[in-house]
Amino acid sequence: MAPLAPKTGDAVFASVDRVNAELFTLTYGAMVRQLLTDLEEVDEVNKQLDQMGYNIGVRLVDEFLAKSNVSRCVDFKETADVIAKVGFKMFLGVTASITSWDAEGTSFSLVLEDNPLVDFVELPDTCQGLHYCNILSGVLRGALEMVSMKTEVTWVRDMLHGDDAYELRVKLLKQVPEEYPYKDDE
Amino acid sequence: MQFFSGSSAVDISPSPAAPPGTATGLSGNNANMLYIFNRSGVCLLYREWHRPLRTLDASQDQKLMFGLLFSLRSFTAKMDPTSVDKGNLGVPLLPGQGCSFYSFRTNTYKLSFMESPSGIKLILITHPNTSDHQESLKHMYNLYVEYVVKNPLYVPGTPIKSELFNTNLDQYVKTLI
């Protein structure tokens with residue numbers, strides 16, 4: 001029996017439960033707001049958002065795999081495409097584009113034209129260092145780590161800082177081989 | 001995608017049927033056991049429906065099962081006649097390397113296996129005369145996502161203690177043929 005064909009981003013998006021986009025955006029905004037109040041330091045908030053994203057990512061990857069029928073990717077290029085076309089579509093309802101591969105094929109940029117997290121958001125002067133969507137970089141890092149890829153995800157462009165799009169740089173640090181987990185003498 | 005297109009079932013000895021007193025081969029009680037492991041070899045779930053004979057204590061049994069599948073994966077990849085890119089036997093495989101192993105069958109039971117790219121391994125032991133279980137395992141993986149992964153109180157990588165998951169699993173397993 002051949003494995004089921006992977007679904008397209010649109011097909012998965014149509015089949016999963018969705019919530020109202022405004023509710024989602026405002027909930028996320030309220031959460032960031034609360035973090036700013038609790039932690040006071042903008043850097044701490046960035047760190048906390050990244051950590052929250054990571055925790056989401058390690059769980060979310062299983063849902064992604066179960067619903068999309070995607071099997072193992074042959075190379076990092078395919079991984080990038082799947083994230084942009086299927087992953088983002090399935091969970092955020094938008095697609096990202098992949099640009100700026102480096103020569104070794106180990107890092108790429110994800111460009112988001114449309115980002116549902118930031119509707120209604122303007123950064124005040126006191127929060128200029130805030131990566132408002134830092135949760136996304138954490139999600140990517142967590143999800144990729146669960147499929148054996150150690151990555152580093154950083155923001156390059158951010159519309160809230162006056163750029164023309166959202167750009168995330170994803171760099172593959174290392175692919176972790178599967179090892180026998182038990183010691184021989186146990 | 002590095003999958004075999006055909007089924008890679010290893011048919012050891014098809015002839016004699018399972019001994020009487022075990023599962024019936026009819027719908028209802030075909031499943032014997034289910035194991036769920038994560039990548040680091042932690043047995044997240046062991047569920048037993050019909051197992052008259054136990055030879056090892058539970059943790060030894062689980063370790064043996066995980067070890068068997070780990071070696072089989074490396075072995076099937078080494079035997080793969082279609083791929084040039086094969087690691088050495090015993091050398092850890094990179095994700096995406098090698099092929100997936102689906103099932104093997106003996107005269108008394110059948111073992112079906114599924115591994116998600118995130119390293120979750122599902123192992124289902126059933127009556128030998130049952131049909132292909134790849135789809136059933138996929139369904140169980142979906143149950144795992146719905147009732148375990150989405151439970152905010154579940155800590156990833158720890159044994160599953162969810163009554164809801166067990167109930168749904170038991171119900172689904174009854175429908176296996």
Side-chain angles (χ1 to χ4, degrees), chain A residues 1-7 12 15-17 52 54-83 86-87 90-91 142-151 172 174-186, chain B residues 1-9 37-42 59-60 62-64 66-67 70-71 73-74 85 87 90-100 102 114-120 131-135 138-146 148-152 154-157:
Chain A
M1 184 198 66
L4 286 180
K7 291 189 191 170
V12 190
S15 66
V16 292
D17 291 337
M52 288 164 106
Y54 177 84
N55 292 342
I56 295 174
V58 297
R59 289 165 180 259
L60 181 123
V61 70
D62 273 313
E63 182 177 9
F64 172 71
L65 294 167
K67 300 249 164 83
S68 66
N69 287 329
V70 167
S71 52
R72 288 200 157 117
C73 292
V74 178
D75 54 20
F76 199 47
K77 287 218 158 67
E78 192 186 340
T79 310
D81 269 344
V82 168
I83 294 170
V86 189
M90 175 171 166
F91 292 110
L144 286 170
E145 186 169 316
M146 292 314 283
V147 288
S148 314
M149 282 175 266
K150 284 258 184 220
T151 49
L172 178 67
K174 168 166 160 224
Q175 275 189 298
V176 190
E178 206 140 300
E179 302 219 23
Y180 191 64
Y182 308 126
K183 303 263 185 313
D184 284 336
D185 49 21
E186 266 181 73
Chain B
M1 315 286 141
Q2 310 232 358
F3 276 93
F4 269 135
S5 54
S7 160
S8 55
F37 291 96
N38 72 358
R39 190 192 300 287
S40 44
V42 179
S59 81
Q60 284 295 327
Q62 288 156 11
K63 213 188 267 185
L64 197 67
F66 187 86
F70 196 88
S71 325
R73 180 164 123 77
S74 146
D85 164 44
V91 173
L93 290 168
L94 279 174
Q97 248 183 345
C99 49
S100 313
Y102 290 152
M114 188 199 97
E115 182 180 11
S116 82
S118 59
I120 301 294
S131 56
D132 186 84
H133 288 310
Q134 282 305 305
E135 279 310 300
K138 183 114 201 141
H139 184 87
M140 290 178 182
Y141 181 50
N142 266 300
L143 290 178
Y144 163 78
V145 168
E146 290 302 318
V148 180
V149 179
K150 285 192 184 173
N151 175 1
Y154 171 72
V155 183

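To find a chain, count down the sequence lines: A is the first, B the second, and so on, and within it residues start at 1.
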Looking at B/V145, is its backbone amide N or carbonyl O close enough to the side chain of A/R59 to form a donor-acceptor pair, meaning the two atoms are under 3.5 Å apart?
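Such a contact is absent between A/R59 side chain and B/V145 backbone.
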Identify the two heavy atoms, one from A/A66 and one from B/K138, that lie closest to each other, and give their separation to 0.1 Å.
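The answer is O-NZ, 3.8 Å.
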Under 4.5 Å between any side-chain heavy atoms of B/P156 and A/M146, yes or no?
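SC-SC contact between B/P156 and A/M146 ruled out.
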I want to check something: taking the side chain as every heavy atom from C-beta on, are B/K150 and A/E63 in contact at a cut-off of under 4.5 Å?
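A side-chain contact exists here, since the closest heavy-atom pair is under 4.5 Å.
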If I take atom CG from residue A/L65 and atom OG from residue B/S118, how far apart are they, to the nearest 0.5 angstrom?
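If we round to the nearest 0.5 Å, A/L65:CG and B/S118:OG are 5.0 Å apart.
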